[in-house]
Structures are given as structure tokens and as C-alpha cells.
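Note sheet for the following structure.
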Amino acid sequence: MLKDKKKKRSTAAVSAQRMVLGGLPQEEEEVLQSPLQMVVESFVRDKIAMTGVILFSFIFLCCIFLPFFFPIDLYYQDVTQANVASGFGMLNVPSQLKNNALDLSVGSSFSVGLDKDGNVYEWGTFPNQKLKNIPSTSETGKLVQVSAGLDHIVAVNEDGQIFTWGNDRMGLATIPMELRSGGNNIKQVLAGYQISLALTEEGRMYNWGSDYLLSITYPEGVQGNIEKFAASTNIVMVLTKDGRVVPLTNKSSAYTNIPEEIQGNVVDLALTDECAAAVTSDGRVYTWGNNIKKGLNVPEDIQGQVVSVSGGRYHFIAVLKDGTMRGWGDNTHGQSSAPSGVAVSSVDSGYYANYAITQDGSVTSWGLKGYLMGTDDLGRDLFRRMLVGGRMTMTVGAIAVVISTIIGIIVGGISGYKGGKVDNLLMRLTEIVSSIPFLPFCIILSSILGNSISETQRIILIMCILGLLSWPGIARLVRGSVLAEREQEFVTAAKALGVKEFGIIFRHILPNIITVIIVNATLNFATCMLTESSLSFIGFGVTEPNATWGNMLTGAQNGQVIENYWWRWVFPAVMLGICTISINCIGDGLRDAIDPKSKER
């Protein structure tokens, strides 16, 4: 009994002690945490800072890795795709046409179609708002043919009368007198690049529009003997009724090097902007011209099976005897990847897309669907340029921060530790550098150098100037921190052990102030990115064709761009804003985690 009572009293005493010191085990655990662990936990609990980390990491990783999947040609330009709005609706065929289509045609960034009742449908991104002014059925009657061009449309009704709408500049709305009244047997119409063409059943061809880029000359004996024509932005060629290919030009070019063995045996003809293709009566395809974007590389397995061919801007689509299709040439947007196993009755190819009416009456489409962020005034994909531009902007900012941080640590560390005349001299140097007006200095330097340096040298120069002129702030910060740390006991001990001064500064003092340096460098990173973007925006930084977020915003100086082409400045501005704000949030979060009392101040 006595032992049991003692045991109970002992248990009760222990329980009471645990109640009094209830928080002790947890407090002992917190005491054992390292300063780094405490900083990390405090930073992770900061929701704003963590949001900044997530956003910046996402943008950074996209800019680093996505360019490998979305490569860019810096020197690529295509005026036919200029100022296309963001979206993927270029191939969204209206539901009324999907099983009731009579004729379809691909334009630069839009399409047009006719149903079997003669009704007109348009979809895609319209480069000219006049394209939406579709003539009423009461004006046109029942339309039976339609063709879309760069920014205008040509259509024919069942009486042979021609109508056009959209761009009316350079004579595109001036239809020849012979074709205005109708009564013509129109066999083929085409809305080309700033030109329109029409062919009658009698074999006569008419053209109207601009002849500045495309001058047409009819050789003797061609008019009245034309079976079909094909046109590109460079030339018009015709297929005569006796199976010959004739270029309508007096100038020699790669297009005019027509293989002699095909003359008199051609049944179909198509052109791209670089080459031509002809189908002979034995089902073979012959190509000639410039082999840019592999337009001359006809698949060998289709030879002898082709019945017709159509061409886009840089690709061809062939229809085989069994009704299936094969494509070759440029496949940037999937335009030459014709669907397999689909039997078609007709195909229309143009620019970067294709439509096919299948034998069961439905419509299938493939090719360019649109652009995620639209295009700029030179037809370049803004999404791809955003990725490359972000990588450039971040690279310039990061290297500039590295340079400024290294200089700032060296100058501030020596100044703070040595003191006296050395400190006075280095601080006066710091004040001189900080007094230099950065933007005017860069503008003057850029004007002096002009075109005497390459673009790569200009980018390196910008990074170096940014780094060499932005170190005074971090130098002062390091100096103040070193002044406080040099009086600590570990510094006295290091001196007593004979450690050299540079070893004390950079091996003993620097690790104790590194967190402050990281915070400052993080905030300085955002500042350098903004400075580079400002220089590029005003034309004195990274210049075209290299992309940065700054020079992508250059178009925003134009009121017309701001009003009509919002995607050209909104997306770069949003990305730059999100990125710099995220970096500042990360810097503020690090500062608060390292020095919790900063929130109170």
C-alpha cells in the first residue's frame, strides 16, 4: 500500500509538472530550429510572396523551355498575316455549311463559303471591316462561285454576273465593263493579292486591280485558249486547252523554267509563292521554281496517282485517283498534313489553310487555326516573340544584377571594413557613379555608336552598362552591414588567428549579411528588367528583329495601334507587369522573413 501511494504521488507530481511546463517540449523544438528554417517557414506563410514565386516561376519556365517547342525565325515576315487578332476561329466553319457547302475559299486570315442555296458565310479574322459588308441576296441573286483573297472577295451568280466587296483600293472594285452586266459563262474567278481574275468558258481571261506588284502580259494566241489559271503574289500562269503551261509575263524567273517534257500533256496547274506544280495526264506531278520550304519535294509514292493539285502560300495539296489527299511543302501550321482516309470531291487551298468537301457532302478543314496572342504589323506570331522576348529581357536583367551585385559587394565590403580614407574615397566614387543619369547616358552612347557595333555587341553593352551603373545602392547597403558586423567578437577572433583582411570580409562577414544582399539583388532584378524594357521601348536598347518585351511595346506609341490592335501592346505590358510585380513581392517577402520587425516599421 505504501509503495502504491508513493507511486501515485510520484505520478501526480510528474503530471503537475507537465501541466505547468505544458509548452516546454514545443518551445524546445522551436529553439532548435536554424535561422534558415525560420526564414523559410516565415516566407512560405506569406501568401503574397508565394503567389509571386508561382507566377514568376511559371513565366520564367515558359520563356526558357517553350521556345524549343515553338521555334522562331527572327527574320520571318509575312504581310498577309499582319495585325491578325488573337484567337483560333479561322477554321470554324459555320454549322449551316458543314453538310450543305457548295463552294469554299481560303483568304489571308478569313474564309468565305457558299451553301447550295447561294447564301454567303464568312468567318475568321477580318483584315478589312468592309469584308463584312456582304451584298444582299436581292442584289446578287443566287451565287454559285466565290473566292477570298488578301482582303477582298469576288463572287459570281448563276447569270454570270460578278460581285466584289472588301478592299476597294487600287481598282479592286472596278470590274471590267464586259463582266458587269452578266450573261457571261464564268468558269473560274480568283481574288488574289491586290488583284482579281476571271475566266470565261470561251477561254478569255480578265484581270483588274493593282498592276504594281503583278503585271500581266498576254502572249499571242493565249486569249481564247485558256483552260485554267493559277496565281501567286509573284506571277500568273495559265493552262491552255491544248495542255500547255504559259506564264503571263515577259520577265524570266524560276517560274518560267517550265519543264519541256510536260508541255502539251498538262491537266492541272497550281502555284505557291515560290514554285509551281503541274499534273500530267499520266497522274504524275512536276514541280519547278525555288525549293524554299520544300515546295519541290513531291512524295514519290503518289506519282502516277494524282488527278488534281491546289496550292497555298508555301504548300501543295494533291487529290489522288481514290479521292484521298496528300500534301507537301511548308507545314508550320499543319497546312500540308492532309487528313488521311478521307475521300473528297473538291479541295481549296490558300495561304495557310485548306478546305475539302468530302464525297458525302461534309466539310473538313486543316491548317492555320489562328494565333494565341495575334500577330504584329509584320505578321509575326506574338506568342512566339513573347517567349523569346521574355527570355531576352530576363537574361539582360539577371546578368546586369550579377555584375552590379559583385561590384557592390566588393566596394561596400572593403569600404565598410577598412573605414577611414579608403571608405571616404570609395563612397565619393559611389556618389559620382550614382549621379550619372542612366537613360540619357545610354541614349547618347547608342547614338554615338550607331550601327558600328553588331546587335550581339549592343546587347552585351546594355548588360554591362546596366551592371556598371546600378551598383551604388547595394554598395551602400553592404557597407552599412559590414560596419555593424566588423565590431563582433568573431571578427576579433579571426584577427587574432591571423586571418587576412579579405578573408575576414568575404569568408566571415559576408555570410552573415548574405540574406540582405539577396533581398536587394531580387528587387534590383525587377528594376533592371524595367530599365532594359524602357530603353528598348524608346529604340535605344535591344532592336529588331531581336525581341524583348520593351521593343514589342514600341507599337503602343501609335494611337491607331492602341485603338485597333490592342493585342500588340496588352500582352507584352501584362507579362512585363506581372513579372516585375512578382519579383517585387518575392523581394518584400524575403525582407519580411529575414527581418520580421520590418513589418512594424
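Please read all numbers here as calculations on a predicted model, not as lab measurements.
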Does [X] come within less than 4.0 Å of [Y], counting only side-chain N to carboxylate O?
X    : Y    : answer
K142 : D117 : no
R313 : D273 : yes
K294 : D330 : no
D73  : R380 : no
K187 : E227 : yes

Check for a donor-acceptor pair, side chain of [X] on one end and backbone N or O of [Y] on the other, with a separation under 3.5 Å.
X    : Y    : value
N157 : D159 : yes
N290 : I292 : no
Q223 : M205 : yes
S196 : W208 : no
N551 : V542 : yes
D103 : V146 : yes
W328 : G295 : yes
Q145 : I186 : yes
T375 : Q81  : yes
T256 : S252 : no

Trace of the side chain to side chain contact (heavy atoms under 4.5 Å, CB included) decision for E122 with F110: CA-CA 7 Å; E122 296 177 351; F110 67 99; 5.7 Å; no

Which value, rounded to the nearest 0.5 Å, describes the distance between [X] atom [atom1] and [Y] atom [atom2]?
X    : Y    : atom1 : atom2 : answer
S95  : N99  : OG    : CG    : 9.5 Å
L91  : W123 : CG    : CH2   : 9.0 Å
D115 : K98  : CG    : NZ    : 15.0 Å
I162 : R180 : CD1   : CZ    : 11.0 Å
L239 : L269 : CG    : CG    : 6.0 Å
L143 : I153 : CG    : CD1   : 11.0 Å

Look at atom [atom1] of [X] and say whether more than 12 heavy atoms of other residues, nucleotides or ligands are closer to it than 6.0 Å.
X    : atom1 : answer
K251 : NZ    : no
F60  : CZ    : no
Y76  : OH    : yes

Looking at every heavy atom in both [X] and [Y], which two are closest together, and how far apart are they?
X    : Y    : answer
A318 : I302 : CB-CD1, 4.3 Å
G124 : F126 : O-CE1, 3.8 Å
I317 : S349 : CG1-OG, 3.6 Å
A338 : G327 : CB-N, 4.5 Å
T287 : A277 : CG2-CB, 3.8 Å
M394 : C579 : CE-SG, 3.5 Å

Cut-off 3.5 Å, side chains only: do [X] and [Y] have a donor facing an acceptor?
X    : Y    : answer
R568 : N83  : yes
D168 : H152 : no
Y355 : S111 : yes
S281 : N265 : yes

Evaluate the side-chain proximity of [Y] to [X]: yes if any heavy-atom separation is below 4.5 Å, no if none is.
X    : Y    : value
I235 : L248 : no
T125 : Y371 : no
L172 : W165 : no
P545 : Y75  : yes
C275 : W288 : no
V112 : Y121 : no
S86  : W566 : yes
M386 : W549 : yes

Sequence-distant partners of F163, ring pair (Phe, Tyr, Trp, His ring centres under 6.0 Å), two or more places apart: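 F163 satisfies ring pair (Phe, Tyr, Trp, His ring centres under 6.0 Å) with no residue once adjacent residues are dropped.
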
For W569, all residues meeting ring pair (Phe, Tyr, Trp, His ring centres under 6.0 Å), sequence neighbours excluded: none

side-chain hydrogen bond (donor to acceptor under 3.5 Å, both in side chains) between N331 and S337, intermediate numbers included: CA-CA 7 Å; N331 198 35; S337 298; 2.9 Å; yes

V306 vs R284, side chain to side chain contact (heavy atoms under 4.5 Å, CB included): CA-CA, chis, key distance, verdict: CA-CA 6 Å; V306 180; R284 295 187 63 84; over 6 Å; no

Stepwise side-chain hydrogen bond (donor to acceptor under 3.5 Å, both in side chains) test for N128 and D151: CA-CA 6 Å; N128 190 320; D151 53 7; 4.6 Å; no

Aromatic plane relationship, H333 with Y352 - under 30° parallel, 30 to 60° tilted, over 60° perpendicular: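 If you compare the ring of Y352 with that of H333, the planes turn out perpendicular.
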
Plane angle bin for F65 and F68 - parallel if under 30°, tilted between 30 and 60°, otherwise perpendicular: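 Tilted, since the angle between the ring planes falls between 30° and 60°.
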
Residues R385, D376; criterion side chain to side chain contact (heavy atoms under 4.5 Å, CB included); working and verdict: CA-CA 10 Å; R385 288 183 65 79; D376 62 10; 4.1 Å; yes

Test side-chain hydrogen bond (donor to acceptor under 3.5 Å, both in side chains) applied to E274 and T272, step by step: CA-CA 5 Å; E274 295 295 341; T272 70; over 6 Å; no

Test log, rule side chain to side chain contact (heavy atoms under 4.5 Å, CB included), inputs V342 and T324: CA-CA 6 Å; V342 179; T324 58; over 6 Å; no

Lys NZ or Arg CZ of K369 over F88 ring: under 6.0 Å, within 45°: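 Judged by the rule, K369 and F88 form no cation-pi pair.
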
